[in-house]
Amino acid sequence: MTVMTKGDNLPVPAAALQVAVTWRQGAHVPDVDVSALLLDATGRVRSDADLVFYNQPAHPSGAVRHLGKGQGADGTGADWLWLDLAAVELGMDRVVVAASTDAGTFGQVPFLDVRVALPDGQQVASFTIGDASTETAFVFGEFYRRNGGWKFRAVGQGYASGLAGLATDFGISVAEDPQPVPVAPAPAPPPPLPPAPPASYAAPASYAPPASYAAPGSYPSPAAPPHAAPAAASFPAPPADRLASELALSFAPFTHHASGKERVTCPPNLPPGARVVVEIECRDSISVNIDSCDAYGRADQDLLSTYEDEVHARTFATVPEDRPLSLVVRADTPWTLRVLPLAHARRLVHSLNGRGPDLLVYEGSAGVLSFVHQGQSNFVVWHYFTSDDPEWQGDEEDLLVNEVGRLDVLAPVRAPGLLRIEADGPWRIGVGG
């Protein structure tokens, strides 16, 4: 791995990469929200769609995705981007990795750096920011085309004008009252800061996409050898507030690429008994299906089925207590499967738009949700929430919507929980009537 300083550049493969901005969390440390901007030869975006961040997690080309955040046991935070440089459209010359702070400055963020890694977990480069002060937005680095290939440059440029100033420089339309990059409401405060900072970066050995987030272990320094994937016993048992507990769990996301039908066994670093996000991307397949498997490897439970031409869909699975999670994927064309911490699911706070199957986290109280569907086939929404019956250890399930075609309806929701959406077209879900 190359340790870079400001202004350095190095060649990187025109392939899938993962980029992590990491920092040390603690009392009075602002949260950090990562974004990516795809720029043309003029150094500007073509439209607001060329900004990838929490509320717009995928570029239309599929070349850049925001994977979300994780948290290590030592209080290290990381926010992740996934890039496929080979898929960046011609005419787009740079991919800028930037970030903004929430209610604070980067001078208040310790052990701040950016890391680039390959899909097999091999670290490519790291760049530490050591001179931040009053900035509220930062450009960490950029990937740029050079002589038919790609290079990465360590930039380290701050903006005291915040995300609005950074975005305006790159051609993003900013409202009169600009807001920082939205983030999901924090499910739980980070653990207390340990007495001494970690001495080494620890990337789990089981990394599938280059460590999508460190499993419990340390992060900042690039010098240490890989850290072994955590044992099942290192995860706390879900308490009564299961949702909050699962949202606080982190592990190294797992990625698998294949084609056709295949049974996929996930690595053993997933937290036993916890629910995890299962995400799939696929193009031009007649249908895409995911089933979880029983102890004998047989398809056991239907997790997701879709018939869209362009599939980017999410659902969830529960990790077995006594064995690794195993999934059967069926598709006619190449696909990419990801298993991510539950915190990577989008939060429903006011309203969200989507298309096709998805998974949302609702952390509000009992109330009413609104549902609009523009597709022609089924639109189904399941609500999974903790039972208030002390005799019942499992989750309650409510079928909120089960309709065909276009609709605009309301449905009551009884508690915080997960919303699993089955749809064949665009939809919008909102809080309140």
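- The minimum heavy-atom distance linking E262 with A258 is given by the pair OE1-CB, 3.2 Å.
- Atom CG of L399 is surrounded by more than 12 heavy atoms from other residues, nucleotides or ligands within 6.0 Å.
- The closest donor-acceptor contact from the side chain of S326 to the backbone of G297 lies at 3.5 Å or more, if one exists at all.
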Step-by-step side-chain contact (heavy atoms from CB on, under 4.5 Å) determination, F53 to V34: CA-CA 7 Å; F53 66 109; V34 172; over 6 Å; no

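- Closest heavy-atom contact between A274 and L249: CB-CD1, 3.8 Å.
- For the atom pair NE2 (H66) and CG (N55), the distance works out to 10.0 Å, reported to the nearest 0.5 Å.
- Here the CD-SG distance, from E310 to C282, works out to 9.0 Å after rounding to the nearest 0.5 Å.
- The only option from L39, V45, D50 that meets the side chain to side chain contact (heavy atoms under 4.5 Å, CB included) definition with M92 turns out to be D50.
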Derivation of the side-chain contact (heavy atoms from CB on, under 4.5 Å) call for D84 and W82: CA-CA 7 Å; D84 184 356; W82 178 87; 3.7 Å; yes

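- Atoms CZ and CG, from F152 and N9 in turn, are 10.0 Å apart once rounded to the nearest 0.5 Å.
- Taking both residues in full, the closest heavy atoms of C266 and P324 are given as O-CB, 3.4 Å, listed atom of the first, atom of the second, then distance.
- The OG1 atom of T76 sits 7.5 Å away from the CD atom of Q25 when rounded to the nearest 0.5 Å.
- Counting only heavy atoms from C-beta outward, the side chains of L369 and L419 approach each other to under 4.5 Å.
- Evaluated for a side-chain hydrogen bond (donor to acceptor under 3.5 Å, both in side chains) with D424, the options H373, Q374, Q376 yield exactly one hit, H373.
- Checking L359, V380, I429 one by one against I421, the side chain to side chain contact (heavy atoms under 4.5 Å, CB included) holds for a single residue, I429.
- Ring centers of F316 and Y384: under 6.0 Å apart, within the cut-off.
- Across every non-hydrogen atom of L325 and T318, the tightest pair is CD1-O, 3.9 Å.
- One N or O on the side chain of W427 and one on the backbone of G356 form a donor-acceptor pair closer than 3.5 Å.
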Audit row: L410, S370, side-chain contact (heavy atoms from CB on, under 4.5 Å) steps and yes/no: CA-CA 4 Å; L410 303 176; S370 62; 3.5 Å; yes

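- Taking a 6.0 Å sphere around NZ of K151, one finds it holds more than 12 heavy atoms contributed by other residues, nucleotides or ligands.
- Between V88 and H59, the closest side-chain pair of non-hydrogen atoms is not below 4.5 Å.
- Side-chain contact between V264 and F254 is present, with at least one heavy-atom pair separated by less than 4.5 Å.
- Atoms OG1 and CG, on T255 and L67 in that order, are 7.5 Å from each other to the nearest 0.5 Å.
- Between P341 and S250, the shortest heavy-atom contact is CG-CA, 4.3 Å.
- With E363 contributing its side chain and R347 its backbone, the two residues share no donor-acceptor pair below 3.5 Å.
- Under a cut-off of 6.0 angstrom, the local environment of CZ in R94 is crowded, with over 12 non-hydrogen atoms contributed by other residues, nucleotides or ligands.
- With T2 contributing its side chain and M4 its backbone, the two residues share no donor-acceptor pair below 3.5 Å.
- Looking only at side-chain heavy atoms (C-beta outward), W335 and V288 stay at 4.5 Å or farther from each other.
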side-chain contact (heavy atoms from CB on, under 4.5 Å) evaluation trace for T265 with R323: CA-CA 10 Å; T265 300; R323 64 184 189 277; over 6 Å; no

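- For V413 against H383, the heavy-atom pair with the smallest separation is CG2-CE1, 3.1 Å.
- Considering OG of S35 and CG of L37, their distance stands at 5.5 Å, rounded to 0.5 Å.
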Side chain to side chain donor-acceptor pair (under 3.5 Å) evaluation trace for R314 with H344: CA-CA 10 Å; R314 283 182 165 185; H344 286 222; 5.0 Å; no

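- A donor-acceptor contact shorter than 3.5 Å is absent between the side chain of D398 and the backbone of L400.
- Ring geometry for F106 versus F138: interplanar angle over 60°, hence perpendicular rather than tilted (30 to 60°).
- Using a 4.5 Å cut-off on side-chain heavy atoms (C-beta onward), W23 and D31 make contact.
- Using a 4.5 Å heavy-atom cutoff, the side chains of R275 and L243 are in contact.
- No side-chain heavy atom of V278 sits less than 4.5 Å from a side-chain heavy atom of L304.
- Using a 4.5 Å heavy-atom cutoff, the side chains of Y54 and D33 are not in contact.
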